[in-house]
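What follows is a single structure, written as structure tokens, with notes after it.
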Protein chains: 2
Amino acid sequence: MHTNTSTDSLEYKKYLAFMRSIADVPEDEAEKMAEVFRHEKLDKGQFFIRAGERPQTIGFIISGILRLYYLNDKGDEFTKAFCVENEMVAAYSALLLEEPSRLFIEALEDTSLLVAPYESYKRISSGHICWQIINQKMAEALIIKKEKRESALLMDDAAKRYLQFLEDYPGLEGKVKQYYIASYLGITPVSLSRIRSKLK
Amino acid sequence: MHTNTSTDSLEYKKYLAFMRSIADVPEDEAEKMAEVFRHEKLDKGQFFIRAGERPQTIGFIISGILRLYYLNDKGDEFTKAFCVENEMVAAYSALLLEEPSRLFIEALEDTSLLVAPYESYKRISSGHICWQIINQKMAEALIIKKEKRESALLMDDAAKRYLQFLEDYPGLEGKVKQYYIASYLGITPVSLSRIRSKLK
DNA sequence: GAAATTCATTAACATAGGTTAAGATTATTT
DNA sequence: AAATAATCTTAACCTATGTTAATGAATTTC
């Protein structure tokens, strides 16, 4: 489902407000960028992308929850991350490498997003320093986030990772199934339930 | 130990060749960048940075091996990564956040590197598109690498991670202690020894 | 080159987390 | 509201990895 986006749609205002919290974006640049984004909705259970598909787009989440996960050959799901409002979402590695995605990105709730073709996004953002600053900052933030996740997986046991999850995604605990949280922590739902019962 | 670097030192030639494999670097930019790098050597056991220190510099490894590791409150070491020739090295998160490093970066062998103050590096690299392309590509490569490591820690058991380590760091197996490899895999040296014996 | 130190291996036992299965809740459908 | 289905909890047992300790091999020191 596609809807044109204009600079004064509520959704684009939210996008722009977020980007302007990172760097100044002149009005004409804001207008150029608005043209490449479309407003889309994903119903709960729908996919932003599936493994095997070549990603072409990036998204900005207005509301809702997405889950990024891998599926191994045995059929086990591993949740790489959750994405919530005010976050960019993409099968980033695959997009950069121009390869099929290894990730599924699925809506855990009805989700509203702005979506742009990556090529268009790159074209606009290479045209003005403000987007380059924004992209640089977002890449840095991503690296910092990944570094944190990586060190948690390396150093912390499941109970500690669970407590960290509660801090990192406030409110998500009540909204999504334990199965998803467990697969994010790298454990089974049974094990998560045990951990939760010990904490009470 | 500091030594000035010129565009025709062997070390800087190696740096430049690597960067030119990513993007065209005009001669005058190469000369500007040469001025901010100094050639340094770390003896085996010396540190590029210690946890608690504020990182100011980035390095490019000419030869040798560095180990990036965390230390938890119990005194356990966790190896985040190894760095070898033709790689940039820095306490990257801390550098971006302007915070003290949580990482130790230690030479596992006598190591030769080019080192630049991060501020100087940023100043030069913001002055020409070629460096921005290079930085962008290196950030992307870092994200891809981290994504791979993250998914391995989440999805794979220790034996599979060990086999992946052998692929990712060819030759390192014979050069560094099993203790370091084990701490990279998130297991104990005893467990690594068991895994190795089962593979034979 | 002998002694001392460090490192890798192996074994015995402990523990965290996985697996399966049975109830107990909660949510969904009719 | 009853019936069904999905989810969460608990328990019993299993497996991978941790812990400690003993031994052997390799390296360093004197």
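In what follows, chains carry the letters A, B, and so on, assigned in the order in which the sequence lines appear, proteins first and then strands, with residues in each chain numbered from 1.
- The shortest distance between the side-chain N/O atoms of B:Ser191 and the OP1/OP2 oxygens of D:dT17 is not below 4.0 Å.
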Using the 3.5 Å cut-off, write out each protein N or O paired with an N or O of nucleotides 23-28 of chain D and the distance between them.
none

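- B:Ala158 comes within 4.0 angstrom of sugar-phosphate atoms only, judged by non-hydrogen atoms across all strands, and of no base.
- With ring centers used as reference points, B:Tyr184 lies 6.0 Å or more from B:Tyr180.
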Indicate every side-chain donor-acceptor pair of residues 48-66 of chain B with a distance under 3.5 Å to a residue at least two apart or in another chain.
residue, atom, partner, partner atom, Å
B:Glu53, OE1, B:Arg50, N, 3.1
B:Arg54, NH1, B:Glu98, O, 2.8

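- Regarding contacts with the backbone of D:dG18, a side-chain N or O of B:Thr188 is found under 4.0 angstrom from either OP1 or OP2.
- Near DNA chain C, meaning a heavy atom under 4.0 Å from it, residues 166-179 of chain B has B:Lys177, B:Gln178, B:Tyr179 in order of number.
- Note on the helix from C:dG1-D:dC30 to C:dA22-D:dT9: angle between the axes of the first and last five pairs equals 40°, rounded to 10 degrees.
- Here A:Arg196 lies in heavy-atom contact (under 4.0 Å) with sugar-phosphate atoms only.
- Looking only at atom types and distance, the side chain of B:Asn135 has a donor-acceptor partner in the side chain of B:Tyr121 under 3.5 Å away.
- The side-chain contact (heavy atoms from CB on, under 4.5 Å) test with B:Leu114 is passed by exactly one of B:His39, B:Met88, B:Met33, B:Glu40: B:His39.
- When DNA chain C is scanned 5' to 3' for any atom under 4.0 Å from a heavy atom of chain B, the first and last hits are C:dC7 to C:dA12.
- In this structure, A:Phe104 and A:Tyr69 have parallel ring planes: the angle between them is below the 30° cut-off, well short of the 60° mark.
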Extract from the structure each pairing of a protein N or O with an N or O of nucleotides 20-22 of chain D at less than 3.5 Å, listing the distance.
none

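- Map B:Arg194 and B:Tyr180 each onto its nearest nucleotide of DNA chain C; the residue landing nearer the 5' end is B:Tyr180.
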